[in-house]
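One structure is given here, and the rest of the page talks about it.
Residue numbers begin at 1 in each chain, while the letters A, B, ... track the order of the sequences.
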4 protein chains.
Amino acid sequence: MILKMNRGRVFIYPASGTGAWEAAIVNTFSQGDRVLMFETGHFATLWRAIAEKFGLVVDFVAGDWRHGIDPATVEAKLTEDAQHQIKGVVCVHNETSTGVTSRIGEVRRAMDAAKHPALLIVDVISSLASMDYRKDEWGVDVTVAGSQKGLMLPPGMSFNAVSEKALSASKTAGLPRAYWSWQEMLEPNKSGFFPYTPATNLLFGLREAISMLVYEDGLDNVFRRHHRHGEATRCAVRAWGLELLCLEPTEYSNSLTAVLMPEGFDETEFRRFVLGNFNLSLGAGLGKLKGRVFRIGHLGDFNDLMLCATLCGIEMGLDSFGVPIRKAGVSAAMAYLSGKQTDEVNASVNLQAS
Amino acid sequence: MILKMNRGRVFIYPASGTGAWEAAIVNTFSQGDRVLMFETGHFATLWRAIAEKFGLVVDFVAGDWRHGIDPATVEAKLTEDAQHQIKGVVCVHNETSTGVTSRIGEVRRAMDAAKHPALLIVDVISSLASMDYRKDEWGVDVTVAGSQKGLMLPPGMSFNAVSEKALSASKTAGLPRAYWSWQEMLEPNKSGFFPYTPATNLLFGLREAISMLVYEDGLDNVFRRHHRHGEATRCAVRAWGLELLCLEPTEYSNSLTAVLMPEGFDETEFRRFVLGNFNLSLGAGLGKLKGRVFRIGHLGDFNDLMLCATLCGIEMGLDSFGVPIRKAGVSAAMAYLSGKQTDEVNASVNLQAS
Amino acid sequence: MILKMNRGRVFIYPASGTGAWEAAIVNTFSQGDRVLMFETGHFATLWRAIAEKFGLVVDFVAGDWRHGIDPATVEAKLTEDAQHQIKGVVCVHNETSTGVTSRIGEVRRAMDAAKHPALLIVDVISSLASMDYRKDEWGVDVTVAGSQKGLMLPPGMSFNAVSEKALSASKTAGLPRAYWSWQEMLEPNKSGFFPYTPATNLLFGLREAISMLVYEDGLDNVFRRHHRHGEATRCAVRAWGLELLCLEPTEYSNSLTAVLMPEGFDETEFRRFVLGNFNLSLGAGLGKLKGRVFRIGHLGDFNDLMLCATLCGIEMGLDSFGVPIRKAGVSAAMAYLSGKQTDEVNASVNLQAS
Amino acid sequence: MILKMNRGRVFIYPASGTGAWEAAIVNTFSQGDRVLMFETGHFATLWRAIAEKFGLVVDFVAGDWRHGIDPATVEAKLTEDAQHQIKGVVCVHNETSTGVTSRIGEVRRAMDAAKHPALLIVDVISSLASMDYRKDEWGVDVTVAGSQKGLMLPPGMSFNAVSEKALSASKTAGLPRAYWSWQEMLEPNKSGFFPYTPATNLLFGLREAISMLVYEDGLDNVFRRHHRHGEATRCAVRAWGLELLCLEPTEYSNSLTAVLMPEGFDETEFRRFVLGNFNLSLGAGLGKLKGRVFRIGHLGDFNDLMLCATLCGIEMGLDSFGVPIRKAGVSAAMAYLSGKQTDEVNASVNLQAS
């Protein structure tokens, strides 16, 4: 329901999200298959490494880690592939390392425009239940999800939501598999069982999480809340005079925001400082961004005042750490949250975003 | 240990703090005894009512609910009482309804100056483990405490910490008592038992609370932390342009801060608004202060960012509710917490405090 | 609902059951009032001491701790009291120290037969929600209950369920009171508040306990279950060849069973032995019964196999401790629980009960 | 420490035990490698299927599911393999489906006698922390373990404890792998990290479990306790006149006991009956044993009276379900637990075991 999916099957793994990445690959492809992947950030890069370990030939479209997937590139690449050698288009919806989302709906339209039959495989690990995602409408064949972000559970459970088309593909896919095999799951799942011991406690938690998200809050309200918190965070970043990593407003993540540290300041030291002084744990710069970016999470069970506390900790931390900022971020966020942005803040938004 | 007490006994009741008030009275006095009490706020007034229900003759020194006990009055009243008819001086250390503390050390000195033998009885329900309290040094005979504030436990357990002098007095005190009787507790307590079923779960919690406060944090650090949070809160209130209820800086409470609503605004409506919009529960105006004062708690397991979140909620709430404030409270608190008060903020402090 | 009560009020105290005893007395009587109490065991004796501390004149009907209240004595005493000097008939429904219940319905009929207006006050601390109790049908004026037995909660909350007649009496009752005062509770209770901080966490637990007892299980099923466990326990005791303390089958308690240790064996040592060897905590002999009786609890959240485990621990314990028993108690209990008592077991029942 | 291991590495997976089976295989072997496996029960059969899915050539030694691995067969098979084509000897220490253990020390001696270099891989999922296991002394190269049995944790975490020899083998092993790869783990593990999100909550639990097992109880005491409970259970089964599935006394499992249902009785129905009547969940007959065997677990956080409760539930259940038994099992278990077996019980033991 959270995936806006009415068809297909969901397979549940006692595993981290990385396991569900692997599952998506080993169930659908054979050694030597070509797949299209995109360098949108650290996690996309890690996933590509897995694909290559299993012998796939990855066409890895280079990126600057500040933009999402370019749908035009997808269309061009697929149109060029007249013989349909590309078997899969493999995307990360929300790059946890960058705070940049990819427009999956447009990727789908690009695939349709190219009339290409490749499977569309999408990681929604850090967007599920935080940002709108439409599995069926967007024709996603395998959606990869995890327990520990928008579902508000401990880590240790992950998912493959699978279309009929992907399920068919899995019958002939040649990669060896046992733990991750969808086919092995089908029969026991029918009667509510699993082929091996599931992460029982997390299943109970899942029931509660779905109840909270779908029945108590309503998914649209959850998405609105995360949009609100994403916007307020971006207001704060701009008001501090710092730079958002994400360069394209239509690709802003509402789960997390990555912020560039000004030259001469190391994010690792800064995060240690903030943790020590305010008991606030910020996300590290990952991969290429190590040392240059810190990340602010605003997903899951989160409200306005928790966001305010987070931004206060960052504002005091930046200032005390010696980073030259305007101490106006918290005020800007509060103005946005109260629905009363001052002209000054709007002005600075325009400047930053232009 | 938290009471800075090396002598005497502590009696533990499965009861709220109100029960421990009653216990302090019924164990030490007889019908018709005269006691000196002080109108420092709502809780002092409630305690007086209990004393009167048990037939004590209360000399209730009037107050404006914005100051603590005046030690000079204590000295005058006791000096006047040459025949020592006054049997007890009964004080609230930290008035939860007003955010005003009384200077118990000075009250003691006033009693000594008057060479008066009355028992000194003090309620520390909302100051224990938040503000420095020195049972032995101040010669307090009965200290009344509870579980649910500085000790960070659920309500349902309360205490009488009793001096040898008070224990002696209890042998001849004439008021009827059973549940509250110290004498009945003495024997079973010796072997670790109670004369009736104790609130077992809270006793386990008490052990953990003492471990956290005394061994993990250190009491002096706990007091410093609460002082810091009290000061930051007061900075915010002044920067908003609002008025602190407490008029005497040496009597500021570090557990909570009471703030006067400007004329024309009702605190009940305001608190409901803040609760609905920010899931933030503020303290009500109690007794005489109903409708005119709201209270900000900053005691127990609390840190800088929790305080920031609280103040953000109040600042956005006041603004959205239409109260004319300067939206500078959160900034002022952050400046204080970062150890970098701007001149402007200091200036406003001076204006307000003068 | 659990009290089978449709009229009157329930007052909730943050206090142990002992506090609710005191509350029942101080709200209904004046100094010098005469009350009828019954020496049914240790707790009845303790309650009487409270009454005397508050200056009541207690007519304490002697007993052997092996029988409940004799309704004929009640009738005789009240008939004799033509001038209605006796203001209260104060009973313990289920004596936790003896495993003997009193037939409150018959006590009521005795009072009616004597046409006596005394208040009927009953302690149901260890019978509530374990054995059938009919407040309205039996015309009980004050029912005293606690949280930590049949309600399956931690200790620290207790109750007075009060009839209109008792509420009227409280308006003129002369004993001093504050914490326990019903009159002080009436006004705040109307709007869901209390005159002082309630034991909040236990109130949440109470809601859950009521939901379990009334809606999930159904009270009649709960009573049947406890009857079943009481009977099974008594089968075991008889099969061991030991003696039940309770001499009258119509007065057997279904909450707990007290068992006489054979001459020459000390229950304190035995209980320590069982605790050390089987991690099983049995009830001590209390008051007069110290050293002579151990008690088996079978109330609250308890099922057949928990009872079996208990009885296995006792059977192994008795045997290893050297008490000469027939090792047939667990078998007898299992036979009863399976609905297949053997003739032999029935025979021993008949012998014991005759 | 629990594995009696001083050398090598432990890799921790967010996965069920089945995942750790797969990990042991994909890290050590290449497609087409020959391995020796043994049909000791359902789980050995499942593990073999995994090995075959990854292209191993399994020499699967047939078994009757009532005996452990025959060390003589191991020696014969390996001696015969003069060219050392067999790369691994893959064993289940304690078959959860049968309650039969294999003597791993003797398997090691057989391998040594044959002077064969194959890796020794052992599943201790249901024996770890319940029965003595000596990784180093027995020269086990890969030990496969899980969180949810002897470690008393929820399912969702599993382990590979790996010798230097196995670690070397993993450098050249040809099977594709990513999630399970030991080599990927080595670097991040050095600094206390993992290559992907670990099951954080279970890691905290693991610390506590190790503390309980090693420091509070002592492993030898834990093993003694499980031996005691295994023996008591077997006494009960024999006294009922039922048959243990395990035919070889030196191979009895101390984690669980499998019991044959007499002809004409279905274990599925029986287990449903016992669950409904006594809230007691017994283990199902698995694989070939479906319908014919039920299993009694006695591992993890378990004590004498919990075992007694279990056996009482089974004894009453068998009797009520109509299975013709002697109702003497609980008595026999209690006699054993009390250290006082009667001659009669010993006699029946001898009969059964002969």
Check: Who passes ring pair (Phe, Tyr, Trp, His ring centres under 6.0 Å) against A:F159, sequence neighbours left out?
Finding: none

Notebook entry, point to check: For chain A, which residues from residues 294-312 of chain B have at least one heavy atom closer than 4.5 Å to it?
Noted result: B:N303, B:D304, B:L305, B:C308, B:A309, B:C312

Notebook entry, point to check: Any chance CG of B:N279 has more than 12 other-residue heavy atoms, nucleotides or ligands included, within less than 6.0 Å?
Noted result: no

Check: How far apart are the closest heavy atoms of A:E315 and B:M334, and which atoms are they?
Finding: OE2-CE, 3.4 Å

